[in-house]
Undergrad: 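Below: one structure in structure tokens.
These numbers come from a predicted model, not from an experiment. When reading the values below, keep in mind they use all heavy atoms of this one structure, side chains included, and skip hydrogens, waters and symmetry mates. Residue numbers start from 1 in every chain, and the chains themselves are labelled A, B, ... in the order their sequence lines are given, proteins ahead of strands.
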Amino acid sequence: MRDLSCALSASLSLVLDQLGVGETEVSIQEVPLGKPGDFGTPVAFGLARVLRKSPTLIAEKIVERIELPNGVLRAEAVGPYINFFVDPGPYVRSVIELPLSLVNTSGTEVIVEHTSVNPNKETHIGHVRNIVLGDAVARILTAAGHTVEVQNYIDDTGRQAAESLFAIDYFGARYDGEGKYDRWLGDLYVRLGRAKEDDGEVIDRGVDAVMRRLERGELRAEVEAVVRAQLETCYALGAEYDLLVWESDIVRSGFLDRGLKILRESEHVSQPTEGKFAGALVMDVSAFIPGLEEPNVVLVRSDGNAMYVAKDIGYQFWKAGLFKGLNYRRFDTQPSGRPLYTSAPDGEPEPGGRRLVHAQEIVNVIGVEQSHPQTLVRAALALSDSAESLAASKGSRHLAYELVSFEGQTMSGRKGIALPADEVIEEAVSRARAVIKRKNPDLGPADEVARQVGVGALRFAMLKSEARRVIDFRWEQALSLQGDSAPYAQYAHARACSILRSAPEVLGIGTDWRALGELEVRLAQVVARLPQVVAAAARDLAPHLVTQYVLDLATAWNGYYNHKDDEGRPDTQILRSAPGLREARLALVTKVRDTLAASLDLLGVEAPEQM
RNA sequence: GCACCAGUAGCUCAGUUGGAUAGAGCAGCCGCCUUCUAAGCGGUAGGUCGAGGGUUCGAGUCCUUCCUGGUGCACCA
């Protein structure tokens, strides 16, 4: 009895075979509250037309004939539905014995690129969404059996980085070590933007010069200082990476030219000698994106300069493994001990034997506003005439997320209207600390728990709704410590821990599974759902499915914990249960605790044992 | 103009790929700590699922036409 719904649908299929309708798909679902039974199927509906009988009659007939799998006591036709009653003891036991981790033999290698903040300013709340979303997706894909490499792209040759670095010289500023470096630099960037109104020409020329130096990789150390400051914030949020990819390394490695060379061989890419696009290199994407007014996309301008999409395409070609050639070295040891690598001209192809950039699937976590360029990148791969690149196109996915506004106001890094991530984290933690002080003043590790709860609340708020939904960040809502939030689930976990802490040492001895009943079945059903949730979340790149599940599980557990009988007396007190029943319940609580912790971990939310 | 996304309770959102009476949280009202953590639980109230048409035994979910809001559509980066 490894998985009950599999067993049930197998049993049903057998009956359907006898009835001569073998190919029908059988779905097993949990029975809604208030209806008889634990699991049910609407399969009879679909058979009504084929068998020319009413679904109710068919349901009855199936119930008569079905051979029930182990652990199922009986089947009942409830109108057109067929519902099953599980044997509580064996069922709950089988759920408890289910392994937490998924065994997925079809797991692939996946690159997840996220964060990729311009290295010229502090991260703000919009970046937090990217960081947290990408991090959660990486965790979920890993749990689903994939091998994941997390990349963080450093756009160190862009105009923004150049402006910030130029601003240091322009204003003669010096970092005195007060506050974070990225914050300090970001302020200079905003100041420079304002100064451009009076001194635009000088500034533009200066920035151009810095850009050329950046492309040659001469200011690597300066950019690295910003990147390290930004990474501190990412670490504080619980996100870690495998590889930093520097744009200057990509540029100098010639990937752009190599990518263009591949593209030129495509029949969809041409260099017209006359007309609107004379002299430019254009790609006709109409075969990939039908219905466009203008199917031609300029890759290289007639003056010979490559467009930004062309760089993106070259980068994606490299990610897809169409060409190699970058070197790497170790960059950092992250808080968990996980090593962080970086592309580096003076590095080696496989530093310390580590094989990097190898994947069949590529997930780019980038804002929705980049949907068009991201589609063009996939188009370029699809139109490149090789089986490899076609596969890479199919394996490329854009996880698009909507913007985050702040109390109704849209943010702008350029103007300096932004809510810095560091401030949000600090505020979240201090709110958590205040609650601890009020509710549990004697809690030992108060600071550590405040951090776990505050950061957890923030992450959860960013992941709770679908990525394609706009989030208006409001303090009260996002950092709420009650209701549909991380602390709600963390509290449920801590509560389970607390019970288990005071449980006798005899766990597992004299367990009487038969003493369990319907209440435990309901709770176990939610526990059993995790594997399907992980699979769906991985397939759809949708962490919000996991947040929803975490809430479901915490709610089910809290409901169980507080349950009262018809006379209003608590009837689920674990430690006061009769011997035998107590052990069985303790085993279930242990499973609930572990499942809560595991599913929170998929979201990058820590689960304190006390709070 | 064309394309993509969204529209579900006063507010913020779910809705297991077409199944049973559309669910949570917040806000409101009423209850529950002599009992394993009340950051919790129960109850109550709140809905034309943007509108119309269609497919289906069955539609919040699928097809279609509208309405509203957002974003994207450069030889910019």
Side-chain angles (χ1 to χ4, degrees), chain A residues 27 29-35 40-43 45-46 48-49 54-55 78-81 83 155 158-160 276-282 289 291-294 296-305 307-309 311 367-373 375 400 402-403 432 435-436 438-440 453 461 464-466 468-472 474 476-478 480-485 487-492 494-503 529 532-533 536 540 544-545 547-549 551-552 554-555 558-564 568-570 572-577 586 589 610-611:
Chain A
S27 81
Q29 45 202 238
E30 286 170 31
V31 167
L33 245 92
K35 295 279 173 192
T41 176
V43 74
F45 283 108
R49 181 185 301 159
S54 83
V78 181
Y81 289 89
N83 288 0
D155 183 7
R159 191 147 198 105
Q160 292 205 20
K276 191 174 160 190
F277 296 110
L281 187 72
V282 298
I289 316 169
L292 286 177
E293 276 177 62
E294 176 51 73
N296 289 300
V297 176
V298 176
L299 298 171
V300 181
R301 288 185 281 175
S302 47
D303 65 7
N305 285 315
M307 298 282 288
Y308 200 82
V309 235
K311 289 189 199 173
V368 262
E369 71 281 357
Q370 296 286 332
S371 292
H372 185 60
T375 308
E402 267 291 352
L403 61 92
V435 174
I436 291 170
R438 196 172 71 239
K439 307 229 177 204
N440 196 355
V453 171
K464 197 165 64 173
S465 45
E466 292 175 283
R468 58 167 174 267
R469 209 169 271 282
V470 177
I471 293 181
D472 184 30
R474 291 167 201 231
E476 288 312 320
Q477 214 168 289
S480 165
L481 305 182
Q482 57 185 58
D484 283 352
S485 69
Y488 173 82
Q490 288 171 318
Y491 187 78
R495 169 181 271 164
C497 289
S498 168
I499 293 170
L500 292 166
R501 247 195 317 276
S502 37
R529 227 149 58 198
Q532 304 148 43
V533 171
D540 300 341
H544 83 279
L545 297 176
T547 64
Q548 221 59 47
Y549 172 75
L551 294 172
D552 276 355
T555 300
N558 281 333
Y560 177 81
Y561 173 87
N562 280 297
H563 195 269
K564 294 182 177 65
R569 281 191 298 260
T572 52
Q573 292 186 90
I574 289 111
L575 297 176
R576 290 170 177 235
S577 311
L586 281 169
V589 173
Q610 300 174 54
M611 56 189 282

Undergrad: When you compare the side chains of A:Tyr488 and A:Asn558, does any donor N or O come within less than 3.5 Å of an acceptor on the partner?
TA: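 The answer is yes; a qualifying pair exists.
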Undergrad: Checking all strands, does A:Ile436 fall into the base, sugar-phosphate, or nothing category for heavy-atom contacts under 4.0 angstrom?
TA: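 Result for A:Ile436 = base.
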Undergrad: Is there a Watson-Crick or G-U wobble partner for B:rA38 with both distances under 3.5 Å, and which nucleotide is it?
TA: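 For B:rA38, the partner nucleotide comes out as none, under the 3.5 Å rule.
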Undergrad: Which one, B:rA38, B:rC73, B:rA39, comes nearest to the side chain of A:His372?
TA: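 Taking heavy atoms from C-beta onward, the closest nucleotide is B:rC73.
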Undergrad: A:Ile574 has a side chain; which of B:rC57, B:rC36, B:rG72 sits nearest to it?
TA: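 Selected nucleotide: B:rC36.
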Undergrad: Return yes if the base of B:rA39 and the side-chain atoms of A:Asn558 contain a donor-acceptor N/O pair under 3.5 Å, otherwise no.
TA: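 Answer no: no donor N or O sits under 3.5 Å from an acceptor.
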Undergrad: Think A:Arg301 has a side-chain N or O under 4.0 angstrom from the OP1 or OP2 of B:rA77?
TA: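 A:Arg301 to B:rA77 OP1/OP2: side-chain N or O found under 4.0 Å.
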Undergrad: Give none if B:rG18 has no partner; otherwise give the nucleotide forming a Watson-Crick or G-U wobble pair with it, both distances under 3.5 Å.
TA: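 Matched B:rG18 with nothing under the 3.5 Å cut-off.
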Undergrad: Should B:rG7 form a Watson-Crick or G-U wobble pair with both distances under 3.5 Å, which nucleotide is its partner?
TA: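 B:rC67 is the nucleotide pairing with B:rG7.
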Undergrad: B:rU71 base to A:Glu369 side chain: any donor-acceptor pair below 3.5 Å?
TA: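 Counting by modelled atom types and ignoring angles, no donor-acceptor contact under 3.5 Å is found here.
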Undergrad: Would you mind telling me which of B:rA20, B:rA39, B:rC5 lies closest to the side-chain atoms of A:Met611?
TA: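 Looking only at heavy atoms from C-beta outward on A:Met611, the closest nucleotide is B:rA39.
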Undergrad: Looking at NZ of A:Lys276 and CG of A:Asn296, how far apart are the two atoms once the value is rounded to the nearest 0.5 Å?
TA: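 Nearest 0.5 Å value for the NZ-CG distance: 8.0 Å.
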Undergrad: Is there a donor N/O on one and an acceptor N/O on the other, under 3.5 Å, for the side chain of A:Ser302 and the base of B:rC75?
TA: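 When only heavy-atom distances are counted, A:Ser302 does reach the base of B:rC75 through a donor-acceptor pair under 3.5 Å.
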Undergrad: Does atom CZ (A:Arg49) have a neighbourhood of more than 12 heavy atoms from anything else shown, all under 6.0 Å?
TA: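 Open.
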Undergrad: Which residue, A:Pro42 or A:Ala432, contacts RNA chain B at a nucleotide closer to its 5' end, judged by nearest heavy atom?
TA: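 Result of the comparison: A:Pro42.
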Undergrad: Which nucleotide, in any strand shown, forms a Watson-Crick or G-U wobble pair with B:rU12, with both distances under 3.5 Å?
TA: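 Its partner is B:rA24.
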Undergrad: I want to check one thing: is the phosphate of B:rC5, taken as OP1 and OP2, less than 4.0 Å away from some side-chain N or O of A:Arg468?
TA: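 Checking A:Arg468 against B:rC5: no side-chain N or O falls below 4.0 Å of OP1 or OP2.
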Undergrad: If pairing requires Watson-Crick or G-U wobble contacts with both distances under 3.5 Å, which nucleotide is the partner of B:rG46?
TA: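 Because no pair has both required distances under 3.5 Å, B:rG46 counts as unpaired.
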Undergrad: Glycosidic conformation of B:rU17, syn or anti, with 90° from 0 as the boundary?
TA: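 Because its glycosidic torsion lies within 90° of 0, B:rU17 adopts the syn conformation.
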Undergrad: Could you please name the option among B:rC41, B:rU37, B:rA39 that lies closest to any side-chain atom of A:Pro487?
TA: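 The nucleotide sitting nearest to the side chain is B:rA39.
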Undergrad: With a non-hydrogen cut-off below 4.0 angstrom, is A:Val31 in contact with a base, only sugar-phosphate, or nothing?
TA: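 Counting heavy atoms under 4.0 Å across all strands, the contact made by A:Val31 includes a base.
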Undergrad: When you match A:Arg529 and A:Thr555 each to their closest nucleotide on RNA chain B, which lands nearer the 5' end?
TA: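 Nearest nucleotide further toward 5': that of A:Arg529.
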Undergrad: Under 4.0 Å between a side-chain N/O of A:Arg469 and OP1 or OP2 of B:rG7, yes or no?
TA: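 Yes, because at least one side-chain N or O of A:Arg469 sits under 4.0 Å from OP1 or OP2 of B:rG7.
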Undergrad: Nearest to the side chain of A:Phe277, which nucleotide is it out of B:rA20, B:rC75, B:rA24?
TA: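 Selected nucleotide: B:rC75.
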Undergrad: Do we count A:Tyr561 as stacking onto B:rG40 if the rule is ring centres under 5.5 Å and planes under 30°?
TA: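 Aromatic stack with B:rG40 absent for A:Tyr561.
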Undergrad: Of the candidate nucleotides B:rG40, B:rA14, B:rU17, which contains the atom at the shortest distance from the side chain of A:Gln548?
TA: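 Comparing B:rG40, B:rA14, B:rU17 against the side chain of A:Gln548, the answer is B:rA14.
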Undergrad: Pull up the glycosidic torsion of B:rC33 and say syn or anti, syn being anything within 90° of 0.
TA: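 Syn conformation here, the glycosidic angle of B:rC33 being no more than 90° from 0.
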Undergrad: With respect to the side chain of A:Pro570, which nucleotide from B:rU35, B:rG15, B:rA77 is positioned closest?
TA: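 Nearest to the side-chain atoms of A:Pro570, counting from C-beta on, is B:rU35.
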Undergrad: Using the side-chain heavy atoms of A:Ser465, tell me which of these nucleotides is nearest: B:rC36, B:rA24, B:rA14.
TA: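 Nearest to the side-chain atoms of A:Ser465, counting from C-beta on, is B:rA14.
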Undergrad: OP1 or OP2 of B:rU21 sitting under 4.0 Å from any side-chain N/O of A:Tyr81?
TA: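 Looking at the OP1 and OP2 atoms of B:rU21, neither is under 4.0 Å from any side-chain N or O of A:Tyr81.
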Undergrad: At under 4.0 Å, does any side-chain N or O of A:Tyr308 touch on OP1 or OP2 of B:rA77?
TA: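 For B:rA77, neither OP1 nor OP2 has a side-chain N or O of A:Tyr308 closer than 4.0 Å.
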Undergrad: Both distances under 3.5 Å, Watson-Crick or G-U wobble: report the partner of B:rC73, or none.
TA: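 Partner of B:rC73: B:rG1.
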Undergrad: Is A:Glu466 paired with A:Arg468 through a side-chain N to carboxylate O contact shorter than 4.0 Å?
TA: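 Looking at A:Arg468 and A:Glu466, the cut-off is met.
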Undergrad: Which one is paired to B:rG60, where only Watson-Crick or G-U wobble pairs with both distances under 3.5 angstrom count?
TA: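 Check on B:rG60: unpaired, no WC or wobble geometry under 3.5 Å.
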Undergrad: Considering only B:rU56, B:rC76, B:rU37, which nucleotide approaches the side chain of A:Met307 most closely?
TA: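 Ranking B:rU56, B:rC76, B:rU37 by closest atom to the A:Met307 side chain puts B:rC76 first.
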Undergrad: OP1 or OP2 of B:rC57 sitting under 4.0 Å from any side-chain N/O of A:Arg49?
TA: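 Affirmative; the distance criterion is met.
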Undergrad: A:Tyr488 has a side chain; which of B:rU56, B:rA6, B:rG40 sits nearest to it?
TA: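 When the side chain of A:Tyr488 is considered, B:rG40 is the closest of B:rU56, B:rA6, B:rG40.
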Undergrad: So, the side chain of A:Ser480 versus the backbone of A:Gln477: is there a donor-acceptor pair under 3.5 Å, distance only?
TA: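 No, the answer is negative, given that no donor and acceptor are paired below the 3.5 Å cut-off.
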Undergrad: For B:rU55, give its Watson-Crick or G-U wobble partner with both distances under 3.5 Å, or none.
TA: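 WC or wobble partner does not exist here.
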Undergrad: Could you tell me whether the phosphate oxygens of B:rU37, OP1 or OP2, come under 4.0 Å of any side-chain nitrogen or oxygen in A:Arg501?
TA: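 Indeed not, no polar side-chain atom of A:Arg501 lies that close.
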